[in-house]
Amino acid sequence: QWTDWTDENLWFLETSGIDDHQVVITPELNKDWSGAVQISAVDNLGNPTMSPQVWFGIDNTPPEIRLLDPDDGGSVTSNEVEILMEYVDISGSGVDPSSIMMRYSVDGNPTSEWFGVDASIEEGTDVSRFTFKDIEGHIVYQFKVSDNVGNEIVSKKYTLNITNIKIDLPPVPIISLPLNEEVFEYG
């Protein structure tokens with residue numbers, strides 16, 4: 001829906017010619033906005049003209065982070081546990097996949113540095129997968145992500161208890177051959 005014509009926040013700059021002007025629009029940058037701008041002008045002889053619509057938006061809101069799997073605070077028994085996170089920037093500039101980072105700690109040990117996580121881009125969403133391999137204990141982990149204009153969010157701390165699967169194999173007998181062609185007698 002169009003608003004009434006206004007000259008609010010418009011600045012006119014004279015450029016190269018006598019009647020050649022450039023219009024600068026300075027919208028408020030303290031809130032999100034998206035829409036179209038169209039300029040209308042009338043020259044000194046009363047001839048009207050109208051610019052084409054130009055669509056743009058202002059994005060001051062970071063993306064959202066959602067844990068998809070496994071449940072926060074859950075317990076898993078496996079040697080490989082996949083963490084699945086979703087990043088959504090519904091009305092913004094879109095998620096920057098190269099900005100998706102993760103850090104974690106195991107059993108209260110120092111937290112790792114932030115490191116990049118691969119993301120698979122699906123239409124309308126960004127999903128990242130990270131697999132804990134052969135890690136056991138109480139895991140605390142976080143993700144962070146930015147959108148394409150730098151709005152960043154850090155997730156809350158999620159927890160997961162991982163117990164590795166122990167495989168007990170029967171002992172393997174070792175058979176050795178006699179040395180120097182000795183013969184073993186049975187019995």
Side-chain angles (χ1 to χ4, degrees), residues 29-35 55-187:
L29 295 177
N30 61 354
K31 59 184 177 182
D32 287 347
W33 180 87
S34 64
W55 288 88
F56 70 97
I58 299 166
D59 179 5
N60 290 315
T61 305
E64 296 175 16
I65 298 176
R66 298 179 188 142
L67 175 64
L68 299 178
D69 194 51
D71 292 334
D72 183 25
S75 295
V76 177
T77 302
S78 178
N79 293 350
E80 290 189 10
V81 178
E82 183 177 67
I83 307 295
L84 190 60
M85 301 294 292
E86 179 181 46
Y87 308 91
V88 181
D89 196 20
I90 295 172
S91 61
S93 60
V95 172
D96 175 6
S98 68
S99 75
I100 299 172
M101 308 284 277
M102 177 186 187
R103 67 180 178 182
Y104 68 93
S105 69
V106 180
D107 291 332
N109 289 312
T111 302
S112 69
E113 296 293 323
W114 290 105
F115 59 91
V117 176
D118 290 332
S120 58
I121 308 302
E122 297 175 8
E123 187 174 329
T125 65
D126 295 310
V127 176
S128 71
R129 300 170 188 276
F130 177 77
T131 302
F132 287 111
K133 292 184 181 181
D134 299 320
I135 292 180
E136 187 169 40
H138 181 73
I139 314 298
V140 177
Y141 59 100
Q142 278 184 295
F143 288 86
K144 74 176 176 178
V145 64
S146 299
D147 63 14
N148 287 312
V149 294
N151 299 311
E152 181 180 87
I153 188 168
V154 176
S155 74
K156 72 176 212 141
K157 292 181 178 179
Y158 298 101
T159 62
L160 180 63
N161 293 302
I162 300 176
T163 304
N164 287 169
I165 298 172
K166 307 287 190 250
I167 301 174
D168 291 330
L169 297 174
V172 177
I174 298 175
I175 302 173
S176 55
L177 297 173
L179 300 175
N180 299 327
E181 297 183 22
E182 293 178 19
V183 178
F184 288 108
E185 302 222 6
Y186 180 74

**Q** Does the side chain of V145 come within less than 4.5 Å of D96's, by heavy atoms?
**A** no
**Q** Using only atom types and a distance under 3.5 Å, with no angle test, would you say the side chain of N164 pairs donor to acceptor with the backbone of I135?
**A** yes
**Q** Within a radius of less than 6.0 Å around CG of D71, do more than 12 heavy atoms belonging to other residues, nucleotides or ligands occur?
**A** no
**Q** Enter the distance from S105:OG to H138:NE2 here, rounded to the nearest 0.5 Å.
**A** 7.5 Å
**Q** Can you give me the closest heavy-atom contact between P62 and I153, atom names plus distance?
**A** CB-CB, 3.9 Å
**Q** Answer yes or no: is there a side-chain heavy-atom contact under 4.5 Å between D147 and V95?
**A** no
**Q** Hey, what do you get for CH2 (W114) to CE (M102), rounding to the nearest 0.5 Å?
**A** 9.0 Å
**Q** Do the side chains of S146 and N151 get nearer than 4.5 Å, heavy atoms only?
**A** no
**Q** Minimum heavy-atom separation for T111 to R103, with atom names?
**A** CG2-CD, 3.6 Å
**Q** Does the side chain of D89 come within less than 4.5 Å of D59's, by heavy atoms?
**A** yes
**Q** Could you grab the distance from atom CD of E80 to atom CZ of F132, nearest 0.5 Å is fine?
**A** 12.5 Å
**Q** Is a donor on one side and an acceptor on the other found under 3.5 Å between the side chain of S93 and the backbone of N148?
**A** yes
**Q** Would you say that I83 contacts L67 through its side chain, given a criterion of any heavy-atom pair below 4.5 Å between the two side chains?
**A** yes
**Q** Find the distance between CG (L84) and CG (L68) and round it off to the nearest 0.5 Å.
**A** 4.5 Å
**Q** When you compare the side chain of D72 with that of T159, does any pair of heavy atoms fall below 4.5 Å?
**A** yes
**Q** What heavy-atom pair brings I162 and S78 nearest, and what distance separates the two atoms?
**A** CG2-O, 3.8 Å
**Q** Taking the six-membered ring for Trp, are Y104 and F130 parallel (under 30°), tilted (30 to 60°) or perpendicular (over 60°)?
**A** tilted
**Q** Working to the nearest 0.5 angstrom, can you tell me the gap between M85 CE and Q142 CD?
**A** 10.0 Å
**Q** G73 and N161: which non-hydrogen atoms are nearest, and at how many Å?
**A** O-ND2, 4.5 Å
**Q** When you compare the side chain of T163 with that of E136, does any pair of heavy atoms fall below 4.5 Å?
**A** yes
